[in-house]
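Structure first, then comments.
Note on naming: letters A, B, ... go to the chains in the order of the sequence lines (proteins, then strands), and numbering restarts at 1 for each one. All values reported here derive from a predicted model rather than from experimental measurement.
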Amino acid sequence: MAATNPEALHREKQKKRVGLKELPNAEQGKVVLRFAPNPNGPLTLGHARGVSINSEYAKMYHGKVVLRFDDTDSKVKPPMPAAYDWIKSDYEWLTGTKADIIIRASERMPVYLDHAEQMLAGGFGYVCRCSATDFKKLRDGKDACPCRPRSIEDNLIDWKLMIEGNIAEGEAVVRVKTDMDLPNPALRDWPALRIQHSTHPMVGERYKVWPLLDFQSAIEDHQQGVTHIIRGKDLMDSTRKQTILYSHFGWTYPETLYWGRVKVHDFGGFSTSGMRTDIENGIYSGWDDARLPTLRALRRRGFNATALRAFWIDLGLTQKDISVSLQTIEAFNAKEIDANCERRAFVRNAVCLDLITEIDESNPGDIISISKHPDGAIEGSRIWNLGSRKILVEKQDAEIETIRLKDYADISNINGKAIVQSWDRSDKRPIVHWIPENMAREAELSIPHGMELRSVNGMIEDYELKIGQIIQLERVGFAKIESLTDDLPVKLIWLHS
RNA sequence: GCUCGUGUGGUGUAGUUCGGUCCAUCAUGUCGCCCUCUCGAGGCGACGACCCGGGUUCAAAUCCCGGCACGAGCACCA
């Protein structure tokens, strides 16, 4: 045997860093972050990343999160009045707290319009009356458009016409002056505000000129003292555009971090507008349809907010475009909820057997008690009455000759007769779940599976069932009790295994 | 086309700042074994990766150069 290097034995294995990376230039108590959704529907699993990461950083640095509704477009992505409250409650559900500051861009219009005027008066912005296509042509050739050199006075006159509603939509736009030689064409004299005469669901027809995201967001971040922006990397050019605007105003741009695109294999993308259309067309029953990746749907199915946050924080903040599996989220969820879920039996394709027992001194009798949770995480027992001498097992299990009825007895199963062979576990025969026939109640388990909703019928153990309760169906998986109506089967909604 | 960004096992991540302590972390997954009571649970174990090619160096996942692949932006959407 060769000599062992003692150092090699003591070498420490490297550890995985836990939690989020440090934020650059972050000072305890002074960090201000923001989460800025478009209120065109409730929050999705994708938004949950933004909410989780931002709120976690706020917690780490004892900072604040601004929840801002970016509702400055009423034509392409019109805001949904109901969505403001949905998002607020989705946010609260997920983080367990209210956002520190909540604002709507549409109520802050005077601020944006005022800054637009400052920009024009300062000569670093101008009103452009070229058509979008003409401008694009000029911009691609690094050529300034004819409106650019006009005087501040002329710009202010046009601006007045714009905000008074005297210029039609598409006829004018306010641009931020940049270097036309910028290598990135997307940045050259980018548009800051445009005309929209449509009715805004929150403020009506009060405003004729609306800021675009890059302008509105930049001004508002400064107003709120945002120190760190975390956004999708598709918005990298926004950062560059806004940095130019900030330097015009003499402000310092916040630290900016990015994440890549996320897909959850089982859902695909998270298009809110796509879901909205499908709901309107009756493909889905509503925003909480179990097949949808909305937070409300996930919550309805029994996903836990802490688990969802833990999942996103574990993923961390990287610029890679990723595709994750729902299975991973489910594993986080199972870990989180297991200790709180009572067990119940659910027998699909039930087969009824006659229970035959010999009277002997080890016979536990007709009243047996089974723990609500295998390792006692939940106290108490379920009390079963075997008085009817009839039991239900799954058809598949009934085809096996010798099985063990979980927590009861080893039996031989021949011709519909379950004959007790031993009370104690006597060999390695399979353990199956079962229920006394007189304690069984019909149930329907609804399982979302991609575009379809599968339904599995069976008999559930009717013991202390409560509506809204998440239980673990032994050997099947977690499910939530959706409805408990007399005379109707219990409705269960599938969570995961 | 122009601009920007990213490349670590099946998936996702740690490590990359300041090269060695990395025969590369953890989770999820898959497979196997165990189980005195969920074989869709639990326990244990195994599997599996630094995009490619050069270079610098005693030493590279880490630094340099060149490829390649993938993604995003180039909206009067967010």
Sugar-phosphate only, base, or nothing, as touched by A/Leu213 at under 4.0 Å among non-hydrogen atoms: base
A/His47-A/Tyr91 aromatic ring centre distance below 6.0 Å: no
Pairwise P distance, B/rA14 and B/rC51 [rounded to whole Å]: 14 Å
Rounded P spacing from B/rU6 to B/rC64 in Å: 13 Å
Phosphate OP1/OP2 of B/rU38 contacted by A/Arg404 side-chain N/O (<4.0 Å): no
Among B/rC39, B/rA75, B/rA78, the one nearest A/Leu212 by side-chain distance: B/rA78
Selected nucleotide, minimal atom distance to A/Lys136 side chain, candidates B/rU36, B/rU13, B/rA75: B/rA75
Sugar-phosphate, base or nothing in reach of A/Lys335, heavy atoms under 4.0 Å: sugar-phosphate
Proximity to the side chain of A/Arg139 - top-ranked nucleotide from B/rA75, B/rC35, B/rA72: B/rA75
First encountered from the 5' end of RNA chain B, between A/Asp237 and A/Arg475: A/Arg475
Touch class at under 4.0 angstrom, heavy-atom based, for A/Asp70 against every strand present: sugar-phosphate
From B/rA75, B/rU28, B/rC77, nucleotide with atom closest to A/Lys77 side chain: B/rC77
Side-chain N or O of A/Lys75 closer than 4.0 Å to phosphate OP1/OP2 of B/rC77: no
Most 5' of A/Arg188 and A/Leu405 on RNA chain B, judged by nearest nucleotide: A/Arg188
Atom pair distance, as rounded to whole Å: CG in A/Asp375 and P in B/rU36: 16 Å
Proximal nucleotide (of B/rG12, B/rG71, B/rC2) relative to the A/Pro185 side chain: B/rC2
Residue from A/Leu67, A/Ile87, A/Val65 passing side chain to side chain contact (heavy atoms under 4.5 Å, CB included) with A/Ile102: A/Leu67
Base of B/rU38 paired with side chain of A/Gln472 (donor-acceptor, under 3.5 Å): yes
N/O (side chain, A/Lys263) to phosphate O (OP1/OP2, B/rU11) under 4.0 Å: no
C1' atoms of B/rG40 and B/rU30, separation to the nearest Å: 15 Å
Of the listed nucleotides B/rG7, B/rA78, B/rA75, the one nearest the side chain of A/Thr72: B/rA78
Sugar-phosphate only, base, or nothing, as touched by A/Gly477 at under 4.0 Å among non-hydrogen atoms: nothing
Sugar-phosphate, base or nothing in reach of A/Ala331, heavy atoms under 4.0 Å: sugar-phosphate
Touch class at under 4.0 angstrom, heavy-atom based, for A/Cys341 against every strand present: nothing
Neighbour count >12 (heavy atoms, 6.0 Å) for atom CD, A/Glu379: no
A/Ser325 side chain near B/rG10 phosphate (N/O to OP1/OP2, under 4.0 Å): no
Check: A/Trp434 ring centroid to A/Tyr408 ring centroid under 6.0 Å: yes
Shortest side-chain distance from A/Gln319, nucleotide among B/rC76, B/rG5, B/rG12: B/rG5
Distance under 6.0 Å and angle within 45° of ring axis: A/Arg175 vs A/Phe135: yes
Proximal nucleotide (of B/rC74, B/rA78, B/rA27) relative to the A/Phe332 side chain: B/rA27
Sugar-phosphate, base or nothing in reach of A/Ser131, heavy atoms under 4.0 Å: base
P atoms of B/rU11 and B/rU57, separation to the nearest Å: 36 Å
Integer angstrom distance from the P of B/rG20 to that of B/rA60: 11 Å
B/rG7 versus B/rG15 - spacing of their P atoms, nearest Å: 12 Å
Any A/Lys21 side-chain N or O less than 4.0 Å from OP1/OP2 of B/rA14: yes
Nucleotide of B/rG5, B/rC4, B/rA27 approaching A/Lys233 most closely (side-chain heavy atoms): B/rG5
Sugar-phosphate only, base, or nothing, as touched by A/Pro191 at under 4.0 Å among non-hydrogen atoms: sugar-phosphate
No-H, no-angle donor-acceptor pair, A/Arg348 side chain to B/rG40 base, under 3.5 Å: yes
Length of the CG-P vector between A/Asp338 and B/rU38, whole Å: 12 Å
Side-chain ion pair, A/Asp407 and A/Arg382, N-O less than 4.0 Å: no
A/Asp237/A/Lys241 salt bridge by N-O under 4.0 Å criterion: no
C1' gap between B/rA49 and B/rU28, integer Å: 15 Å
Residue pair A/Tyr207 / A/Gln196, side-chain donor-acceptor N/O under 3.5 Å: no
B/rU25 versus B/rU3 - spacing of their P atoms, nearest Å: 40 Å
Distance below 4.0 Å between A/Lys16 side-chain N/O and B/rG15 OP1 or OP2: no
Nucleotide nearest A/Asn184 (side chain, heavy atoms from C-beta), chosen from B/rC76, B/rG73, B/rU36: B/rG73
